[in-house]
Amino acid sequence: MRYQGLDYDGALKVITKLAKFHALSYYIENESLLDLTQSTNGMFSKGIGSKMDFLLNNFVSFVDSVKAYGGYEDIVIEKLELIKPVFMKKLSHIYSSAENVFGVNVLNHGDFHIRNLLFVNNEDDIDKVSFIDFQICFWRTPAIDLYNILYAVASNETRDQHQWELLRVYHENFCSLLTDLGFLKKLPSLLDLNIELLRYGFLEILMASCLFFMEFSQMAEEVRNKQGNMSDAEEFQKKLYQREDYKNCVSKILPKLLYTGQLDL
């Protein structure tokens with residue numbers, strides 16, 4: 001089982017393949033080959049959403065830990081506290097809203113993390129990659145899968161140093177495949193894509209507090225395996241939140257969320 005986040009070259013291969021997967025789904029829907037808008041089995045869909053309450057528990061524990069860290073502006077803590085009552089509602093809206101600035105919706109994998117990728121390696125390099133486990137794929141903004149790549153596939157170093165390059169590569173391959181398929185409608189710009197990611201930046205709160213960074217996924221997996229025993233799960237969460245490397249990651253993200261308005265209601 002691979003738990004190490006991907007370096008730039010590995011993440012590049014994954015995001016290139018994802019761009020083509022998204023573009024093909026967009027082409028199929030717009031050419032009326034299949035009605036993919038009926039794919040609504042996302043994480044907050046009926047029958048699945050009721051199992052997501054643990055996310056709120058994680059977020060509450062996350063906020064309590066951030067308060068204990070010290071060193072953050074009072075306004076950050078205040079805004080995080082205000083998010084608690086509406087946390088699940090905001091996530092549900094992101095996963096259910098069909099409106100976006102990017103101008104396109106796509107078929108999201110919906111559970112896009114490194115354990116749902118299969119790799120063929122050539123010595124230390126990734127030669128091929130395949131996606132598996134499409135049980136909760138759904139038709140929504142591409143920002144959902146893209147944030148998963150940045151936080152649940154790429155390493156923290158890759159995300160910090162190459163996020164904008166990876167998004168540019170995604171956009172180029174998305175548009176290139178549509179052009180090759182003879183798609184004649186206006187294509188979204190790279191600016192449109194970046195605005196879309198900013199608009200749905202609340203997903204970064206989800207990644208940081210609940211779904212965890214790639215570097216900590218093995219520990220997070222132990223938390224998920226213990227969800228049946230809430231006391232054990234909470235203890236593992238507390239250990240994760242107290243790791244210095246985790247605190248360091250959070251210290252980079254919270255100011256970004258504050259200054260881009262993601263903590264505002």
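Being a predicted model, the structure only gives us computed values, none of them experimental. Throughout, residue positions are numbered sequentially from 1 according to the sequence presented.
A continuous path of Ile, Leu, Val, Met, Phe, Trp and Tyr side chains, each step under 4.5 Å between heavy atoms, connects Tyr259 with Tyr147, placing both in one hydrophobic cluster. Cluster annotation: Leu263 is connected to Leu82 through the hydrophobic network of ILVMFWY side chains, with a link wherever side-chain heavy atoms come within less than 4.5 Å. With hydrophobic clusters built from ILVMFWY side chains whose heavy atoms lie under 4.5 angstrom apart, Leu265 shares a cluster with Val63. Connection of Leu198 to Ile15 is not established within any shared hydrophobic cluster, with ILVMFWY side chains joined at heavy-atom distances below 4.5 Å, either directly or through further cluster members. Connection of Ile114 to Ile132 is not established within any shared hydrophobic cluster, with ILVMFWY side chains joined at heavy-atom distances below 4.5 Å, either directly or through further cluster members.
Note: Phe138 and Tyr95 have parallel aromatic rings, judged against thresholds of 30 and 60 degrees for the angle between ring planes. Using bins of under 30°, 30° to 60° and over 60° for the plane-to-plane angle, the ring pair His109/Phe112 lands in the perpendicular bin.
In this structure, the side chain of Arg159 does not engage the main chain of Ala154 through any donor-acceptor pair within 3.5 Å. For Ser25 (side chain) and Leu107 (main-chain N/O), a donor-acceptor pair under 3.5 Å exists by modelled atom type. Judged by distance alone, with hydrogens and angles left aside, the side-chain atoms of Asn248 form no donor-acceptor pair with the main-chain N or O of Glu244 at under 3.5 Å. No side-chain donor-acceptor contact under 3.5 Å links Asn122 to the backbone of Asp125. Using a distance-only test at 3.5 Å, with no hydrogens or angles considered, a donor-acceptor pair links the side chain of Thr158 to the main chain of Leu6. Remark: the backbone N or O of Asn105 is not paired with any side-chain donor or acceptor of Arg140 at under 3.5 angstrom. Between the side chain of Tyr170 and the backbone N or O of Leu146 there is no donor-acceptor pair closer than 3.5 Å. Using a distance-only test at 3.5 Å, with no hydrogens or angles considered, a donor-acceptor pair links the side chain of Thr179 to the main chain of Cys175.
Nearest heavy atoms, Asn108 versus Thr141: ND2-O, 3.0 Å. For the pair Lys90 and Asp264, the tightest heavy-atom approach, listed with the atom from each and the gap, is NZ-O, 4.4 Å. What you find for Met52 and Met88 is that their closest heavy atoms are O-CE, 3.3 Å. Closest approach of Phe131 to Leu18, counting heavy atoms only: CZ-N, 3.7 Å. For the pair Leu36 and Trp139, the tightest heavy-atom approach, listed with the atom from each and the gap, is O-CB, 3.3 Å. In terms of heavy atoms, Lys13 sits closest to Ile126 at CE-O, 2.7 Å.
For the residue pair Glu29 / Thr37, no side-chain donor-acceptor distance below 3.5 Å is found, with atom types taken as modelled. If you check the side chains of Tyr151 and Glu204, you find a donor sitting under 3.5 Å from an acceptor. Between the side chains of His22 and Asp145, at least one donor N or O sits under 3.5 Å from an acceptor N or O.
Note that the OG atom of Ser209 and the CD1 atom of Ile83 stand 9.0 Å from one another [nearest 0.5 Å]. Separating the CZ atom in Arg199 from the CD atom in Gln262 is a distance of 11.0 Å, to the nearest 0.5 Å. Of the inter-residue distances, the one linking Asn58 atom CG with Tyr241 atom OH reads 4.5 Å to the nearest 0.5 angstrom. The CD atom of Gln161 sits 8.0 Å away from the OG atom of Ser155 when rounded to the nearest 0.5 Å. Ile149 contributes atom CD1, which lies 11.5 Å from atom CD of Gln163 (distance to the nearest 0.5 angstrom). To the nearest 0.5 Å, atom CG of residue Asn148 and atom CG of residue Leu203 are 8.0 Å apart.
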Could you please spell out the steps behind the side-chain contact (heavy atoms from CB on, under 4.5 Å) verdict for Asn156 and Asp245?
-> CA-CA 10 Å; Asn156 292 332; Asp245 47 358; over 6 Å; no

Show your reasoning for whether side-chain contact (heavy atoms from CB on, under 4.5 Å) applies to Gln242 and Tyr69.
-> CA-CA 9 Å; Gln242 295 307 314; Tyr69 294 164; 4.0 Å; yes

Quick one: do Phe174 and Val106 satisfy side-chain contact (heavy atoms from CB on, under 4.5 Å)? Show the steps, please.
-> CA-CA 11 Å; Phe174 183 94; Val106 299; 3.9 Å; yes

I would like to know whether Phe87 and Cys210 meet side-chain contact (heavy atoms from CB on, under 4.5 Å); could you show each step before the answer?
-> CA-CA 11 Å; Phe87 180 72; Cys210 302; 3.9 Å; yes

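Glu73 places a side-chain heavy atom less than 4.5 Å from the side chain of Leu258. Put simply, the side chain of Leu206 reaches to within 4.5 Å of the side chain of Leu55, judged on heavy atoms. Contact check for His162 versus Glu157: no side-chain heavy atoms found under the 4.5 Å cut-off. Counting heavy atoms from C-beta on, the side chains of Leu257 and Ile205 come closer than 4.5 Å. The closest side-chain heavy-atom distance from Leu254 to Tyr72 is below 4.5 Å. With contacts defined as side-chain heavy-atom distances shorter than 4.5 Å, the pair Leu190/Asn194 qualifies. Using a 4.5 Å heavy-atom cutoff, the side chains of Leu117 and Val14 are in contact. Taking 4.5 Å as the limit, every side-chain heavy atom of Asp111 sits out of range of all side-chain heavy atoms of Gln135.
Crowding of Asp74 atom CG: a count of heavy atoms from other residues, nucleotides or ligands under 6.0 Å not exceeding 12. Other residues, nucleotides and ligands contribute only 12 or fewer heavy atoms inside 6.0 Å of the NZ atom of Lys128. Open room surrounds NZ on Lys20; 12 or fewer heavy atoms of other groups in view lie less than 6.0 Å from it. Other residues, nucleotides and ligands contribute over 12 non-hydrogen atoms within 6.0 Å of the CG atom of Leu33.
Ion pairing of Asp64 with Lys84 is present here, as a side-chain N (NZ or NE/NH1/NH2) and a carboxylate O approach within less than 4.0 Å.
In this structure, the ring of Phe134 has its center less than 6.0 angstrom from the ring center of Phe21.
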